[in-house]
Student: 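A single structure is presented below for examination.
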Amino acid sequence: MTVDAETLLSAFQRGTTDLIEEKQLQGMIARSLETGTPLRIKFGMDPSSPDLHLGHAVQLRKLRDLQDLGCQIVLIVGDATAMVGDPSGKSKLRPVLTREEVEHNLRTYTDQAGRVLDMEKTEVRRNSEWFDAMGFEELLKLTTRMTVAQMLEREMFQTRMKNEEPIGINEFLYPLMQGWDSVMVKSDVELGGTDQLFNLLVGRRLQEQEEQRPQIVMTQPLINGLDGRKMSKSYGNAVGLTADAKEMTFRIMQVDDEVMPTWLLHLTRLSLEEIEQTLALHPREAKARLAAQVTGFYHGAEAAAEAAGAFDREVRDKVLPDDLPRVSWQASWGEELPLANLLKEMGLCQSTSEARRAIKQGGVKLAGEAERDERAAIGRPPGELLVQVGKKRAAHLVP
RNA sequence: GGGGGAAUUCCCGAGCGGUCAAAGGGGUCAGACUGUAAAUCUGAUGGCUCAGCCUUCGCAGGUUCGAAUCCUGCUUCCCCCA
């Protein structure tokens, strides 16, 4: 594949927040194309949180783009650094992981990243490779590369100091280690989230000190989750990379309108004009297009279209899915059971209290009819009975 | 080493010894509405054999007719001084 400098450069630029230094990058690209030596793009993975979501995909997709244009992706598995804990974006001290935990997470992690990247063409390196071999003397030497004052430049640390939150000494080590990784793999470019800027720049500094050509630093923004807040699994507003086509589509269809532009930019390969055109559509159409793009990338266009159809039927047209669970009347229920207990037994409610609430609020329907009497009792139905709780939960009760 | 503070229901965070299953916010759930499961509005939000009963406020004891609130010990965490 022949790639020209312009295409390559614009791939670096699309959706990128920081690009330091762009001039230097141009030179690197030119030299790379001239000599046929692929640029080494470093990306650090943190094996402490194995579940990847679309937020992580922003960077992974950028890497994939560059990979497709002939760049060599170097994936650093931070198994040594994970035992230190990255302070970036953390308001609290991170728990230190054991080796076993790191190893365990590693598998699932690379597994999921493989849904985006071509792992065949990716160089994977664990940084324990060099850190395990590093003696105390060398480590001490590494710590002399930066001063406490330089460390404290990070606003993160300052915020934490102001809030009287703890900062572990080990946390000072993290940026140095990440930077040292760059030295060890001789990276040309390092990619990271905007919260990583400080760490990435340390790599530049260390490489210069080691008389290497300092790496280009490029950052991608952290995208917000479905509800517009920071995407995080604990907020429940993330979409997992392992989600199947239907779940992915359904979840993307409920993003806030405001997050659509950033998602279109960072999670799809649509051109800027196409994005503009998309946003001009009816918001619902725009969202459908976004969902189709993203789901299509992970599961193929066919599965994405199928999921989109399911969304239209089940959500827009409120048709109940035909694969509803079927629950048979249990002998232990006797001839009659209070409705609240029945809902709990059928797994539609977590507790009878919750079931009672749902009934009182008119959220429970039997064969489509709302039942508002919380003391109602239900006997073995003559035939199949459709039981619904709210809009999302439903099951057939079978005699 | 010394001193000071904190631990509350899913989360954050209030809480005069009784009227506390515990304010408020978030989340979640339900209803209305709608372009969707968005936004907005309303209500609910420990459990149960549910007009009553049972179990919660770091852990273990104690004082009291009665404690999330007072005392003692323990555990964990934070801050300050050295």
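Only heavy atoms go into these numbers, but all of them, side chains included; no hydrogens, no water, no symmetry mates.
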Student: Ignoring hydrogens and angles, are the base of G43(B) and the side chain of Gln361(A) linked by a donor-acceptor pair under 3.5 Å?
Tutor: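 Check passes, donor-acceptor contact within cut-off.
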
Student: Please determine if a side-chain N or O atom of Arg393(A) lies less than 4.0 Å away from the OP1 or OP2 oxygen of A30(B).
Tutor: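 Checking A30(B) against Arg393(A), a side-chain N or O does come within under 4.0 Å of OP1 or OP2.
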
Student: Nearest nucleotide by nearest heavy atom, which residue falls closer to the 5' end of RNA chain B, Asn341(A) or Gly362(A)?
Tutor: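 This one resolves to Gly362(A).
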
Student: Is there a side-chain polar atom (N or O) of Ser353(A) under 4.0 Å from OP1 or OP2 of G46(B)?
Tutor: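 Checking G46(B) against Ser353(A), no side-chain N or O comes under 4.0 Å of OP1 or OP2.
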
Student: Decide yes or no, distance alone: a donor-acceptor N/O pair under 3.5 angstrom between the base of C48(B) and the side-chain of Ser351(A).
Tutor: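 Flag unset: no donor-acceptor pair detected.
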
Student: Map Val255(A) and Arg375(A) onto RNA chain B by nearest heavy atom, then report which one ends up closer to the 5' terminus.
Tutor: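 First, find each residue's nearest nucleotide; the 5'-ward one identifies Val255(A).
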
Student: Using a heavy-atom cut-off of under 4.0 Å over every strand shown, decide if Arg356(A) touches base, sugar-phosphate, or nothing.
Tutor: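 The answer is base, as Arg356(A) lies within the cut-off (heavy atoms under 4.0 Å) of a base atom.
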
Student: Measure from the side chain of Lys287(A), starting at C-beta and using heavy atoms only, and say which of C50(B), A37(B), G35(B) lies closest.
Tutor: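 Nearest to the side chain of Lys287(A) among the choices is G35(B).
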
Student: Give a yes or no on whether a salt bridge exists between Asp257(A) and Lys287(A), defined as a side-chain N under 4.0 angstrom from a carboxylate O.
Tutor: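 A salt bridge is present here (some side-chain N lies under 4.0 Å from a carboxylate O).
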
Student: Whether Arg356(A) and Asp373(A) form a salt bridge (side-chain N of Lys/Arg under 4.0 Å from carboxylate O of Asp/Glu) is what I want to check.
Tutor: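 No, Asp373(A) and Arg356(A) are not salt-bridged.
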
Student: Does Arg357(A) have a side-chain nitrogen or oxygen under 4.0 Å from the phosphate oxygens OP1 or OP2 of A44(B)?
Tutor: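 So the side-chain polar atoms of Arg357(A) never come under 4.0 Å of the phosphate oxygens OP1 or OP2 of A44(B).
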
Student: Is any side-chain heavy atom of Leu142(A) closer than 4.5 Å to one of Leu206(A)?
Tutor: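 Counting from C-beta outward, Leu206(A) and Leu142(A) do come under 4.5 Å.
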
Student: Side-chain N or O of Lys391(A) versus OP1/OP2 of C29(B): is the shortest distance under 4.0 Å?
Tutor: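 So the side chain of Lys391(A) is outside the cut-off, no N or O lying under 4.0 Å from OP1 or OP2 of C29(B).
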
Student: Rounded to the nearest Å, what distance is computed from the CG atom of residue Asp312(A) to the P atom of nucleotide A37(B)?
Tutor: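 From Asp312(A) CG to A37(B) P: 13 Å.
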
Student: Can you check the distance between G27(B) and C11(B), where both ends of the measurement are the C1' atom (answer in whole Å)?
Tutor: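 Nearest-Å result for G27(B) against C11(B) at atom C1': 7 Å.
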
Student: Roughly, in whole Å, what's the span from CD in Glu354(A) to C1' in C10(B)?
Tutor: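 So the two atoms are 13 Å apart, to the nearest Å.
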
Student: Can you tell me how far P in A39(B) sits from the matching atom in A30(B), rounded to whole Å?
Tutor: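 Their P atoms lie roughly 14 Å apart.
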
Student: Under 4.0 Å between a side-chain nitrogen and a carboxylate oxygen: does that hold for Glu336(A) and Arg380(A)?
Tutor: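 Looking at Arg380(A) together with Glu336(A), the answer is no, because their closest N to O distance does not fall below 4.0 Å.
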
Student: Write down the distance between CD (Glu285(A)) and C1' (U34(B)), rounded to a whole number of angstrom.
Tutor: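 Answer to the nearest Å: 16 Å.
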
Student: Taking only Watson-Crick and G-U wobble pairs with both distances under 3.5 Å, what dot-bracket line describes RNA chain B, where [ ] shows pairs that cross earlier ones and | shows pairs with another strand?
Tutor: (((((((..(((.....[.....)))((((((.......))))))(((...)))...(((((..]....)))))))))))).

Student: For a quick test of reading the model, state the closest non-hydrogen atom pair linking Ala395(A) to Val327(A) and the distance between them.
Tutor: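 Closest approach of Ala395(A) to Val327(A), heavy atoms only: CB-CG2, 4.5 Å.
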
Student: Can you tell me how far C1' in C57(B) sits from the matching atom in A23(B), rounded to whole Å?
Tutor: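 To the nearest whole Å, 14 Å.
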
Student: Could you tell me the separation between the CD atom of Glu371(A) and the C1' atom of G31(B), rounded to a whole number of Å?
Tutor: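 After rounding, the reported distance stands at 16 Å.
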
Student: Under 4.0 Å, counting only non-hydrogen atoms across every strand here, what does Lys344(A) touch: a base, just sugar-phosphate, or nothing?
Tutor: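 Sugar-phosphate, backbone atoms only, no base.
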
Student: Write down the distance between CD (Gln388(A)) and P (A30(B)), rounded to a whole number of angstrom.
Tutor: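 The answer, rounded to whole Å, is 12 Å.
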
Student: Expressed in whole Å, how much space separates the P atoms belonging to A44(B) and G3(B)?
Tutor: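 A44(B) and G3(B) have their P atoms separated by 50 Å.
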
Student: Would you mind reading off the distance between Lys360(A) atom NZ and C50(B) atom C1', rounded to a whole angstrom?
Tutor: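 To the nearest whole Å, that distance equals 8 Å.
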
Student: Can you check the distance between C41(B) and U34(B), where both ends of the measurement are the C1' atom (answer in whole Å)?
Tutor: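 It comes out at 12 Å once rounded to the nearest Å.
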
Student: Between His56(A) and His53(A), what is the ring plane arrangement, given parallel below 30°, perpendicular above 60°, and tilted in between?
Tutor: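 Tilted.
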
Student: What's the gap between A22(B) and G46(B) when it is taken at their C1' atoms, as a whole Å value?
Tutor: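 About 11 Å, rounded to a whole number of Å.
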
Student: At their closest point, which heavy atom of Arg61(A) faces which heavy atom of Thr268(A), and how far apart are they?
Tutor: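 Looking at all heavy atoms of both residues, the closest pair is NH1-CA, 4.0 Å.
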
Student: Using whole Å, what does the distance between atom P of nucleotide U49(B) and atom CG of Leu342(A) come to?
Tutor: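 Result: 13 Å.
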
Student: Take atom C1' in A60(B) and the same atom in A51(B), then report the distance between them in whole Å.
Tutor: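 Here A60(B) and A51(B) have their C1' atoms 38 Å from each other.
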
Student: Expressed as a whole number of Å, how far does the C1' atom of C70(B) sit from that of C79(B)?
Tutor: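 Per the computed distance, 26 Å lies between those C1' atoms.
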
Student: Expressed as a whole number of angstroms, how long is the span from Leu290(A):CG to A38(B):P?
Tutor: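 The answer, rounded to whole Å, is 17 Å.
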
Student: Please name the pair of heavy atoms, one in Gln59(A) and one in Leu191(A), separated by the smallest distance, quoted to 0.1 Å.
Tutor: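 That closest heavy-atom pairing would be O-CD2, 3.6 Å.
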
Student: Please check if atom CZ in Arg107(A) has more than 12 non-hydrogen atoms from other residues, nucleotides or ligands closer than 6.0 Å.
Tutor: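 No - once you tally the heavy atoms of other residues, nucleotides and ligands closer than 6.0 Å, there are 12 at most.
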
